[in-house]
Amino acid sequence: MKRVQFSHSPIPYLFIAPQIIIICIFFLWPAAQAIYQSFLLEDAFGLSSQFVWFKNYKDTILNDAWLQSAGFTLVFSFLVTFLSLALAMLLAVKANEAIQGARTYKTLLMWAYAIAPPVAGLMGNLMFNPLIGDLYYFLNAMGWDFNHKLDSFDAGFVVVLIAVWKQVSVNFIFFLSGLQGIPKSVIEAATIDCKSSLRRFWTMTFPLLAPTTFFLIVINITYAFFETFGIIDTTTAGAPGGSTSTLVYKVYLDGFRGSDLGGSSAQSVVLMLMVLALTVIQFRFIERKIHY
Amino acid sequence: ATEVQWWHAMGGRLGEVVDEIAVKYNESQSEYKLVPTYKGGYEDTMTAGIAAFRAKQQPHILQIFDAGAATIINAKGATVPVADLLAEHGDGFNKEDYIAGVRNFYADSDGKMIGMPFNSSTPLLYYNKDAFKKAGIANPPKSWEEFEEIAPKLKEAGYIALAQSHSPWIFTENFHSRHNLQMATANNGYDSTDVKIMYNNPELKMHWGKVKEWLDKGWYGYYGRAWGDNQDAFIQQKTAMWLGSSGSFGGLTKSAEFEFGGSFLPYWKSIIDEPKGTFIGGAALFTMAGHDDEEYKGVADFMKFLTSPEMQYFWHKETGYVPITNAAYDLAKSDGYYKTTPDAEIGILQLNQPGGDWTKGYRLGYYVQIREVLYKHYDDIFAGKTSVDDAFAKIEEESNDLLERFNATYN
Amino acid sequence: MAEVKLTNVNKVYSNGAHAVRGVNMEIADGEFIVFVGPSGCGKSTLLRMIAGLETVTEGDLHIDENRINDVSPAERNVAMVFQNYALYPHMTVRGNMSYGLKNRGDSKEEIEKKVIAAAKTLHIEDFLDRQPNQLSGGQRQRVAMGRAIVRNPKVFLFDEPLSNLDAKLRVQMRIEIKKLQRKMGVTSIYVTHDQTEAMTLADRLAVINNGQIEQMGKPIELYKDPKTLFVASFIGSPQVNLISVQYDGKLLKSGSLEIGGFDGLPIAEELVLGLRPEHLRIDDQGKLAMKIDLVEQHGADNLVYGTLEGAKNEDGDDLELCLRLNQDQEPTIGETIKLGYDHSNALVFNKETGKRLI
Amino acid sequence: MAEVKLTNVNKVYSNGAHAVRGVNMEIADGEFIVFVGPSGCGKSTLLRMIAGLETVTEGDLHIDENRINDVSPAERNVAMVFQNYALYPHMTVRGNMSYGLKNRGDSKEEIEKKVIAAAKTLHIEDFLDRQPNQLSGGQRQRVAMGRAIVRNPKVFLFDEPLSNLDAKLRVQMRIEIKKLQRKMGVTSIYVTHDQTEAMTLADRLAVINNGQIEQMGKPIELYKDPKTLFVASFIGSPQVNLISVQYDGKLLKSGSLEIGGFDGLPIAEELVLGLRPEHLRIDDQGKLAMKIDLVEQHGADNLVYGTLEGAKNEDGDDLELCLRLNQDQEPTIGETIKLGYDHSNALVFNKETGKRLI
Amino acid sequence: MLKLNWHAISGHLILILGAIFMTAPVWVAFMSSTHSAETLFREGLQAWPGGHFFENYNEVLFVEGGVMKRVTASMMLWNSFILGIGFAVGKVVISMLAAYAIVYFRFRLATPLFWIIFMTLLLPLEVRIIPSYEVVAGMGLLDTHTGLILPLIASATGTFYFRQFYKSVPEELLEAARLDGANAWQFFIDILVPISKTMIAAILIIMFVVGWNQYLWPLIMTTNEDNYTLVIGIKQIYQVLSEGGELPQFQKAYALTILATLPPVIVVLVFQSWFVKGLVESEK
Ligand SMILES: Nc1ncnc2c1ncn2[C@@H]1O[C@H](COP(=O)(O)OP(=O)(O)OP(=O)(O)O)[C@@H](O)[C@H]1O
Ligand SMILES: Nc1ncnc2c1ncn2[C@@H]1O[C@H](COP(=O)(O)OP(=O)(O)OP(=O)(O)O)[C@@H](O)[C@H]1O
Ligand SMILES: O=P(O)(O)OC[C@H](O)CO
Ligand SMILES: [Mg+2]
Ligand SMILES: [Mg+2]
């Protein structure tokens, strides 16, 4: 808040009104509906419904399919987050060091930001297509009996690879700016204090990037939870055997494909709670702890 | 002109034919304008239709596939039964006009037709004649026992013997019909929503045990869940045989660069001596409630156009879906179509094979998800992650949970 | 403790900037050298080459007998204090001070001993477990110093270490640095553009201009005996008064102003006469007449600003003059006073070349 | 041109901070007033209340006859120059200077005339169409000044307007501001914590401490005749030497040090003796003995630092003393010299209350 | 010296591999889009240009039935463009106003309203999509640009970007403006908006990309083919591919992929520095 502010009058309300109105109509009301819906057992066409308290939760959360999906979501999020962060950090550190061609590298490494997840998914899908996919053949030629349509590990490999590919750019951009935010003189001081560049990385660069890293962890987890929807929908669609279905994708499958509104709303609510928890962690823990 | 909106799931070649039908219809009269819209796959289309209905934006005609039948037919008030529609707004409706095989699947428990079985298909065996020649095999297998005999030869000739595009439809639902086995209690679900699945039976488990065995032997190929994954493998001549839909016929004639033939869906001699007919797959056109009479008149008018022998014959010829009226079938026969293209008749012949107690069809709620359950466990069987017994125990349990939820929803 | 030798050192940056042009310098063991000069003259570049943070384009660097051009910074045995301190923000004060020692493999006890000792010297024992962001500017400065001294380096390098502090603290830290260096006797090189710091800290002062050493020597020498106009105007505060003049063989002339008493100057060339404010005095017999514009009372002394009558500056405006008086002399504004000066203190330069003539 | 009057002005911020505590002040037409004091003492708050940027919690503000407590900032007819200049970054210099005039509805020609006139005065005519980011620090400062004078305000307010400039430019701009204010004769209030600026600019200086005016008067008065210990130590550079002493009825004592010549001081109370560096002199008869630690040669004069023998400071260390000599007196380090001073210049304070006794 | 070089060389090697990793798929997609369906079907993906560039792109872009029944890729491009721009502009305008109120005014409901806005960051559209659909439908906004864009705007990311930015605007600017007689609206229009220019541009770019790339929501809420965006086109062509039936039109899928990728990539590359600045500063 500013030291000097305009004092109260109807003006601020006018300025904030458009946003609030849109939020109320298109956010709060639907969100409330989703919560309400999660207590209803309703036919697909909305012609009849009954209030069933937590039946939907009981039926759809505490079953194998959901737990499997939750398990996959966690592993998937972890892998996507870890791999894309690690790769992006490596590339950012190198790009930051590079003197020649730095601009070209940066451009080539960040442009994938603009690609939509489903577009990335389709591209990956075709790369792994058993009919024409180079990667499919390559992996099989390498002696890996690769079949992502059949093998859930291979399918997981595909979605993780594409999701990582899509996310590296964002992380790269942030790491690069994080690196540029480290005062040059601190790195120079470390150069005088420490001979080994690897050691310097682990003792200086890495900890100094921690705020960026933690911020990105949250961004990446959110990404893996929600934005990979388009990737999954255009690569495996959750197959084989629902083993690559994230929680959001399952919400969509059950609610849209399966016309089970109550059940999918219940899952949505659980997801909301998970995001909420994530945010609280971000605020409570990370924001406070790591800030120089 | 009054617009009639038709949401369908006919992609690719099928979609082109749908558009041609629309053009023909719109040219045939000026009172109504038919607007077909492709809404994606069967699931997508159903989803879109339901969402639109909830939002009171439903189209006039919505194509719903077999697995969605229970959902839409149980939603009383969501549709105008086609029987009523034609009786009220058209020239009347006579069930007997339709071929036997399609009368029941989209009808309610009293036998009243709710949806118009537009694109009716049935699973067929397609085989690559070149491959068969190369392997020195004369005829496609009639039974799975025969299949097991020729599969090694095909393998030797460098082919994977078989692939299949829809395990729930072909290797589960129609398996029951072909062998005249009960799928679910309560008369396959027609009599009540309080129903239990009966998939956990020795015959089906035997079959899946075999399929897994074939996969391991290299006789069976699995290229993914998507319909096209497996069809493409056949087109690319990786597999010598492919179980697909009679509706795939039109597309195959365009894309396959080899000679192929069609044949009946194989059966197990060990289960049944004389196989029964299969039941129809594909989808039906449902008239959505909530429009005014003038529009319904248009819908009825279009339905009449669509079911005219000429249109049905056109549709049948272009796509491979069966003609749904007797008149159309007769027209095709009299036109000599089956003389030049005998394979095109196989679907309808198979549908018209003698029926049994369990060949009318099924009516099961949340069946889209039940199919997901099937896929999941079949995938697991293929991957060797579970035994057939365990898989079917799970299928039974999970399917029954879904059926229970559906029952709770509608009562 | 070490001698530092620079032989014909050049630096050309990759963008072509020729930042250091043939610098030669010998620094004796224990000497305190200050580099001073305007912004961009190459002070930092020179220092950073000695530290090993920039490569040397041409020439040689020696510490004692060793040529260090290709030695890594960590092995040169130098310590550097940066303008913004460059403390490791994620480490405690203790961590900051011990980092370099750890890396070179000192034992734990040894490190602890050295850190404690350095912290005592600098009065920062109480903050050893704080992080830099919990310290005030002055405390951070001390930690930066501590990090340098704990390594017991052969050479201390300082790049404007005080310019982020406020005036008062700057004076105080300046004195501490000087005392510390005296005590430890470590050869030190100190970069600044503050001429007070330069004057007061240096054993010898190198005035750098455009990548070259303009003059090097004791501060008071440079003050009293600048070799160039640049050095004269750079050293001394308030700045030396400069009057553009020409010599006609007898008199120095500027507009209607005529000043005698100079011999042996080149005739009809552009010259500059330099008179330091503290060398001017009110003198009714004086040859310079100044109209007073402003009197600043600084307490101990007064600075009087005004225009020199007759002379013009380069823009054609009246030439401004500054005169330093002690606190009890307070001329009134608007008044015109006569000024005298001691000929022995007057400086005359060739305007073109900047070389000092007298 | 206006008089400004503050009557019992108080400011309590919404967080409870009592930043200004009952300030009374009358500023005459055309006077140049400087507020000086340590950080956080309330200088800016006071200034911003006059500008109308902060509400007045208690008390009255008058400009001429009008009570302005509730007048909007734009209608008070004041102009303000900010520390960071607060130029509108997207407007040209011309745009910056005319924005306020436009808002109050001046005609185009009128605005143009005023802007040109102000730009001439400040020598920024050539930059009128540049944007602030194309200007140097000093030029920006001038534009900020221009934006203020173009409005022809009754009162100029300055909040540390020079602290973002480097030392040299600061001196130059300081002189310009002073001259400009002289020329325009506009009542001005200037906030700084730089005591040189304060001394040199002010007609009258208000030393503020903890929200209150500690002393107000002519700079040289405050220097020579500080009413409190705070004022004495705040004004003067180098700072006054302070020696904790007690009076035994005859002598001032600190440790083994005994200083005579003072009368009528309270006995056995904690006192502080203040001696300015420039009032000390080398005197073999002197009563103070100083061991020399450091000599700083500033050119015109030398500052000598050392410890006063006998006396201890509050930490029990040797008491440090500073002495100012002119350039040709250069005592050697380590030597002990005797110092004398003029009794008339010595200051004595009550340590507890800070009040000056002599 | 030698050691230093190795370090640099390994760095370049890593960067080159990284660049290949990030660009190869798009390169292959582009090259494959210039071959015929037959070539792809028989020989797999192509790494070098083929002779069907004009044919494929022409068919996809301009021929009805080239991808969808009626809608051509050029139409979808236009729709994507509208969505991208509409979303970006709408978001920027609304969030600038809201952030202004939050940062520069003290008013009674400030805190609760702030929290309401903040909450929107927590719940992505995906988890409330069905009721959102019903709300939009209820307002008769299905198949309209308004209905497409407004619910997406409801998330307040932009507001936080601007809030962050406004907070970094020196306070003195407001003070100077007040002394210059500017009222709240004048300050906003005369000072704040112009100095936010680069920030506005940066956020416009980011939001354009975000809008352009929307997937699930447009998929669900556009029923009329004429309103399909390219990303939906991708979904549909994927659907057709997976249904099989005829020779898979991989080349069209790739052409569509390239078309869907090109505009946002160009925008990001052309405005690279703004975009990076905006992205980084706003997220912090
Ligand atoms: N990394 C670099 N690349 C290219 N040119 C540089 C680089 N660093 C400095 N320079 C140029 O070299 C010259 C000398 O710079 P240097 O930093 O040594 O000046 P300096 O005397 O320290 O100035 P300051 O007082 O402003 O710190 C300048 O012209 C500068 O622009
Ligand atoms: N907006 C505010 N809200 C609460 N307290 C404030 C505010 N502004 C200033 N203060 C407090 O009021 C006191 C005086 O602040 P002020 O800014 O007037 O000091 P100052 O003398 O100008 O200091 P400086 O030299 O650092 O600018 C300080 O204790 C400060 O913390
Ligand atoms: O591909 P179709 O139209 O024959 O349909 C097959 C199945 O019935 C889909 O459920
Ligand atoms: Mg420098
Ligand atoms: Mg202040």
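Since the structure is predicted, the reported quantities are computational estimates derived from the model, not experimental observations.
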Q: I'd like to verify something: which residue of I72(B), V368(B), L374(B), T47(B) has the highest number of heavy-atom pairs under 4.5 Å with chain A?
A: T47(B)
Q: With respect to chain B, which residue among A44(A), S243(A), S152(A), G263(A) yields the maximal number of heavy-atom pairs within a distance under 4.5 Å?
A: A44(A)
Q: Would the number of heavy atoms belonging to other residues, nucleotides or ligands and lying under 6.0 Å from CZ of F258(B) be above 12?
A: yes
Q: If we define contacts as heavy-atom pairs under 4.5 Å, which of A48(B), G224(B), G77(B) has the most with chain A?
A: G224(B)
Q: Given heavy-atom pairs under 4.5 angstrom as the criterion, report whether the side chain, backbone, both or neither of F153(A) touches chain B.
A: neither
Q: Let me know if K385(B) has heavy atoms under 4.5 Å from chain A in its side chain, its backbone, both or neither.
A: side chain
Q: Tell me the residues of residues 50-64 of chain A whose non-hydrogen atoms fall below 4.5 Å from those of chain B, in number order.
A: Q50(A), K55(A), N56(A), D59(A), T60(A), D64(A)
Q: Would you give me the side-chain donor-acceptor pairs under 3.5 Å for residues 21-33 of chain A, sequence neighbours excluded?
A:
none

Q: Once side-chain contact (heavy atoms from CB on, under 4.5 Å) is applied, do any residues pair with A34(A), and if so which ones, sequence neighbours excluded?
A: M272(A), P131(E)
Q: For the interface with chain B, which of G255(A), G242(A), P240(A) has the highest count of heavy-atom pairs at distances below 4.5 Å?
A: P240(A)
Q: Just so I understand: if I count every heavy-atom pair under 4.5 Å between each of N129(A), L261(A), L150(A) and chain B, which residue has the most?
A: L150(A)
Q: What's the spacing between Y222(B) OH and D151(A) CG if we round to 0.5 Å?
A: 12.0 Å
Q: Who among Y378(B), Y223(B), F406(B) has the most heavy-atom pairs with chain A under 4.5 Å?
A: Y223(B)
Q: Highest number of heavy-atom pairs under 4.5 Å with chain A: which of Y42(B), Y367(B), F382(B)?
A: F382(B)
Q: Examine whether an atom of D254(A) lies under 4.5 Å from a heavy atom of chain B, and if so say whether it belongs to the side chain, the backbone or both; otherwise answer neither.
A: both
Q: Which atoms of Q58(B) are under 4.5 Å from chain A, going by heavy atoms: the side chain, the backbone, both sets, or neither?
A: neither
Q: For D43(A), which atoms come within 4.5 Å of any heavy atom of chain B: side chain, backbone, both, or neither?
A: both
Q: Excluding sequence neighbours, so at least two apart, what forms side-chain contact (heavy atoms from CB on, under 4.5 Å) with A78(B)?
A: F45(A), L47(A), F53(B), A75(B)
Q: Flag the pair E42(A) and R54(B) as a salt bridge only when some basic side-chain nitrogen lies within less than 4.0 angstrom of an acidic carboxylate oxygen.
A: yes
